[in-house]
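Data first, discussion second: the structure below is written as C-alpha cells.
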Amino acid sequence: MRVCIVYDSRHGTTEKMTEAIKEAIEKYANVEVRRVSEVATLKGCELIIVGTPIYYERPLKSILEFLERHSTELEKKKAAIFIVCFAVVFGSLARWHIQNHYIKPLMERIPGEIIGTLVLRGGIGNVSEDEIEKAKRWAIGLLDF
Ligand SMILES: Cc1cc2nc3c(=O)[nH]c(=O)nc-3n(C[C@H](O)[C@H](O)[C@H](O)COP(=O)(O)O)c2cc1C
C-alpha cells in the first residue's frame with residue numbers, strides 16, 4: 001500500500017508527529033512524507049494522511065486550501081486526519097469544540113472515505129512520548145493488512 005502523509009507545521013510539533021507516524025508504518029507500507037507546499041499531485045497514493053496544527057481556532061489555511069485544490073483526486077482515495085492542538089488538555093469539556101471547529105472543517109473538504117481521525121496534544125515544538133506512541137498506534141491501525 002502506498003501511503004502519502006501531507007502535513008504543515010509552524011513550530012515543528014506536527015512535523016515530529018509526522019516523522020513518528022512514518023517510522024511506525026514504513027515497515028508495512030510504502031510511505032511518502034511531504035510538506036503541503038511541496039505536493040503537486042496525489043497520483044499513486046492510496047491512503048492520504050493529513051496532519052495540521054490548530055492556530056487561532058482553525059486548522060492551517062495551507063492544509064484547508066490543499067484539500068480544496070485536490071478535492072477531485074481525494075474522491076477516489078482513503079484519507080485520515082490528525083490534528084495537533086492545545087485544547088485537548090481540557091478533556092471532555094473541549095470535545096464538542098474540537099470536533100466542530102477543528103475536525104469538521106477538514107472532514108468537510110474530503111469527499112473520499114475518511115478512515116480515521118486523531119487529536120494529539122502539542123506544545124510549541126515539544127512533543128510528549130505518550131502522544132508519539134498514540135500517533136504510532138493510530139497509524140498502524142489505519143493500515144489494511
Ligand atoms: C499563536 C498560537 C495560537 C494557537 N491557537 C490554538 C487554538 O486556537 N487552539 C488550540 O487548541 N491550540 C492552539 N495553539 C496550540 C498549537 O496548536 C500547538 O502548540 C501545536 O503543537 C503547534 O503545532 P506546530 O508546532 O506543528 O506548529 C496555538 C499555539 C500558538 C503558538
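In this chain, residues are counted from 1 in sequence order. Numbering of ligands and ligand atoms starts at 1, following listing order.
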Checking Glu113 now: which residues fulfil salt bridge (Lys or Arg N to Asp or Glu O under 4.0 Å) with it, not counting sequence neighbours? Lys78
Who passes salt bridge (Lys or Arg N to Asp or Glu O under 4.0 Å) against Arg121, sequence neighbours left out?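 Only Glu131 meet the salt bridge (Lys or Arg N to Asp or Glu O under 4.0 Å) criterion with Arg121.
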Within 6.0 Å of NZ in Lys61, more than 12 heavy atoms from elsewhere: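 Atom NZ in Lys61 is not packed in, count stays at 12 or less.
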Taking everything shown except Arg95 itself, do over 12 heavy atoms lie less than 6.0 Å from its CZ? no
Just jot down the ring pair (Phe, Tyr, Trp, His ring centres under 6.0 Å) partners of Tyr7, sequence neighbours excluded, or say none.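 With neighbours one apart ignored, the set is empty.
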Residues with a heavy atom under 4.0 Å from ligand 1, by chain and number, are Ser9, Arg10, His11, Gly12, Thr13, Thr14, Pro53, Ile54, Tyr55, Tyr56, Glu57, Val84, Cys85, Phe86, Ala87, Tyr102, Gly122, Gly123, Ile124, Gly125
One thing to verify: whether Arg2 and Glu46 come together as a salt bridge, which I'm taking to mean a side-chain N less than 4.0 angstrom from a carboxylate O. no
